[in-house]
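Inspection log for the structure reproduced underneath, given as structure tokens.
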Amino acid sequence: MKFNRKAVAAPLAILCAAAALLTGCATAKTANRYTPANDILSYEAIATDKTVITFGKFYTFDHTALEASLEAKFPDVDFIFEECSAGDKQLAYIKILADHGALPDMFLTNQFIPENDFLYDLGGERYAGRYNLSSLQAMTVDGHLYQIPVSNTTFGIAYNKDLFRQNGWRVPATLAELYTLCDTISAAGIRPMVTCMKYYTTVESLLFGLSYQDTFASAEKRNAYNSFIKGETPAADILQPAGEVLKNLYDKGIVTAADFTSSATTNRQDLYQGKIAMMPCNLDIIALVESEKPEAEIGFIGFPTAEPGQRIMQVVPGVNISINKAAMEDAHKKEILRATMEYISTNEGQDAIFQVISGVSTLTSYQQNITAMSQDVSDCINNGNIFFANYFGSNDQLAAVQQFAAGERPFAALAAALDDDVQNSDPFEELREAPIGTAAETFTVLDTSNYNADVLRAVTGAEIALVPNKSFFCGNIAQIFKGDILLPERFTQKGMDGDALLTTYAITGANLKKLLENPIIAGKPANVLYAVSGLKVTYAPWAPADKNVLSATLADGTPLEDAKTYTVAAWPKAIDAAYISATLQTFADAGKNKDLMAAAIQKAGTVSPANDGRITLDWHTNS
């Protein structure tokens, strides 16, 4: 956390006084914009004497190194990275943000964005020509380039090298050896290979990788697949081999029903700890391993095939960067955003961005350093053992996929459902559904988090409820805007297991104070504020991480008693076990967070921010 950014120096001489008078009002307005009474744009101090550029993160990564590189290159700019990936309908939420003027100036996403009226067309910018032509063509929509494809990513299998060494297991040389190895690992009481099946992209990549020779091994087969994703060829003619792979994996117990609701974060931690041996995933695992630094050594390989020693990887578009059209209407910001994109589109800029993302750069001049973990990626690419296959499905069909795997739905019915999905795909479909309620005024993200905490408290009857604010893991990063409330999926919480239940805990007053000051979320220390219900908190966002909470009492001002035990409602992993005296009750019938929020809004009909002063933000305390 950065605490003392370069501040405006004291006036150098009387000559500065006139300028100070002229700019004082503007500076105050800028400061107020970034230090509001009811929201936290950044937990890092914002240098209001600089130009602020907001940089959205529509998937999770540790931005620290990229921020440092950008601010070293542009010392008069403060790049503020924002967690924006609310829920599991990312494209629809991006449009909601754009419609309400809340979209960041620029952002990274790992999803393709269709034709729209809110992103700047980058096709005419000179730096666009520095990227791989085929990658640019893949991002082009009706002649417009709304996303620069910074990277492609490959999909393969991560595995715990230490676990393999300890048990004498060898990396499989053929597909048959992979299945035999899975049997051997299962016999040792370890899950052999676990895939997060709640995302259609990982499901497709797993099945494509293991059915490669029957689905993509020839130009004829690849052309047939491309015809399918255009809606010209039926799924039954193309995906039968992938369906047979899924049935085999399910019948052997390699894929289970629980995998369809599993957490990618939990799976990754289990891989680190040796609870599972292999995890199909994309190259993001490399950056995550470098950031999380597990004790175990993790490797990454391609999918084995029937040919001994041959491994292959799927290549798909990876991370894309976009610019908000509205931000380009500000002449000064436009200059900075163009310069930033110019920098990112150089070898030096690629070095900076690939500190925080993984994948294969699409900048034609850039030669990447291959780490030991990703050597197999280099080998697959250099040997031509890769296949390009864009994704076609949606999470809406995963229930049908699971039913087929379990033998509850014939393949013909699944294929028909997939055909319908391909031919009638609408990324903004949820925005055409009936609203769940109305907001009388716009909520900030913090207002929304507080409302979420009120909902948890009302459902459980707890004395207190806590929701991490602006935390990607187990928290709220969504915002409610004035007018019709659409897309309840925005309230889906990330990083939790599919079977996670709303829970009440017994926590002492002493530990309540400690956890508010030192949050541990999903097992890791986090510099975030807990939104609260039943408490009253004074919080200094830009103070050191262990000195943010200036005061905390019950909502009526009654002091928290250290020895007294309070009932606290929260989602699992939002509060660390170290602070919990006992687990009191789980609420199996309550549903997921998005269900609770939707039900509460529907019941209320019209909602407004509480505006009850439960959280006071102190922007002046920074030490």
Side-chain angles (χ1 to χ4, degrees), residues 1-5 34-46 83 444-454 456-457 462-477 504-571 573-581 609-623:
M1 182 174 179
K2 292 173 287 186
F3 306 118
N4 294 310
R5 298 243 190 171
Y34 300 121
T35 57
N38 59 348
D39 205 13
I40 301 172
L41 176 62
S42 173
Y43 289 103
E44 300 176 351
I46 297 175
E83 294 288 358
T444 66
V445 175
L446 181 54
D447 289 334
T448 307
S449 299
N450 283 334
Y451 182 80
N452 199 160
D454 285 341
L456 302 192
R457 187 171 169 225
E463 296 170 275
I464 297 163
L466 301 176
V467 173
N469 177 66
K470 275 205 167 180
S471 169
F472 180 89
F473 295 109
C474 311
N476 173 68
I477 51 180
T504 52
Y505 303 98
I507 301 178
T508 65
N511 276 340
L512 258 175
K513 296 174 188 176
K514 290 178 183 177
L515 74 88
L516 290 171
E517 186 62 89
N518 298 288
I520 301 174
I521 298 170
K524 291 191 171 184
N527 181 29
V528 297
L529 163 69
Y530 278 107
V532 298
S533 182
L535 291 177
K536 190 172 185 178
V537 174
T538 300
Y539 185 85
W542 295 347
D546 59 349
K547 297 179 181 178
N548 293 120
V549 179
L550 305 183
S551 68
T553 67
L554 294 176
D556 62 2
T558 302
L560 290 169
E561 299 177 33
D562 287 353
K564 184 176 179 179
T565 298
Y566 298 89
T567 303
V568 181
W571 288 101
K573 298 185 181 179
I575 300 175
D576 194 71
Y579 298 124
I580 296 170
S581 299
N611 294 327
D612 55 6
R614 71 180 71 180
I615 294 178
T616 299
L617 298 178
D618 181 337
W619 295 103
H620 303 292
T621 300
N622 59 11
S623 61

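Remark: the backbone N or O of Ala574 is paired with a side-chain donor or acceptor of Tyr530 at under 3.5 angstrom. Remark: side-chain polar atoms of Asp39 are paired, donor with acceptor, to backbone N or O of Leu446 under 3.5 angstrom. Panel note: side chain Trp619, backbone Ala37; no donor-acceptor pair is recorded below 3.5 Å. A distance-only check finds no donor-acceptor pair linking the side chain of Asn476 to the backbone of Asn469 [under 3.5 Å]. Within the 3.5 Å criterion, the main-chain N or O of Ala531 finds no donor-acceptor partner in the side chain of Asn450. Panel note: side chain Trp542, backbone Ser42; a donor-acceptor pair is recorded below 3.5 Å. For the pair Glu463 (side chain) and Thr567 (backbone), a donor-acceptor distance under 3.5 Å is present. Side chain of Asp447 to backbone of Thr444: a donor-acceptor contact under 3.5 angstrom is found. For the pair Lys470 (side chain) and Ile40 (backbone), a donor-acceptor distance under 3.5 Å is present.
Residues Arg614 and Asp454 are in side-chain contact: their nearest non-hydrogen atoms beyond the backbone lie under 4.5 Å apart. Proximity of Asn452 to Leu456: side-chain heavy atoms (C-beta onward) are separated by under 4.5 Å at one or more points. Looking only at side-chain heavy atoms (C-beta outward), Ile580 and Val568 stay at 4.5 Å or farther from each other.
Each side-chain hydrogen bond (donor to acceptor under 3.5 Å, both in side chains) pair with one or both residues in residues 552-566, not counting sequence neighbours, appears once here: Lys513-Asp562, Asp556-Thr558. Screening residues 522-545 for salt bridge (Lys or Arg N to Asp or Glu O under 4.0 Å), with sequence neighbours left out, gives Glu292-Lys524.
Atoms OH and CG, on Tyr43 and Asn527 in that order, are 7.5 Å from each other to the nearest 0.5 Å. Summarising the geometry, atom OH belonging to Tyr34 is positioned 7.5 Å from atom CG belonging to Leu41; distances are rounded to the nearest 0.5 Å. The OH atom of Tyr539 sits 10.0 Å away from atom CG of Leu550, with the distance rounded to the nearest 0.5 Å. A distance of 5.5 Å separates CD1 of Ile575 from CG of Leu515, quoted to the nearest 0.5 Å. Here Ile464 contributes atom CD1 and Ser533 contributes atom OG; the two are 9.0 Å apart, rounded to the nearest 0.5 Å.
Smallest separation of non-hydrogen atoms from Leu560 and Leu535: CD2-CD2, 4.1 Å. Across Asn548 and Pro541, no two heavy atoms sit closer than the pair ND2-O, 3.6 Å. Here the shortest heavy-atom pairing between Ala522 and Cys474 reads CB-SG, 4.3 Å. Across every non-hydrogen atom of Asn518 and Tyr579, the tightest pair is O-OH, 2.7 Å. Arg457 approaches Ala462 most closely through the heavy-atom pair CG-O, 3.2 Å. Considering all non-hydrogen atoms of both residues, Ala578 and Asn511 come closest at O-ND2, 4.3 Å.
Taking Asn611 as the reference, nothing meets the side chain to side chain donor-acceptor pair (under 3.5 Å) condition, with sequence neighbours excluded.
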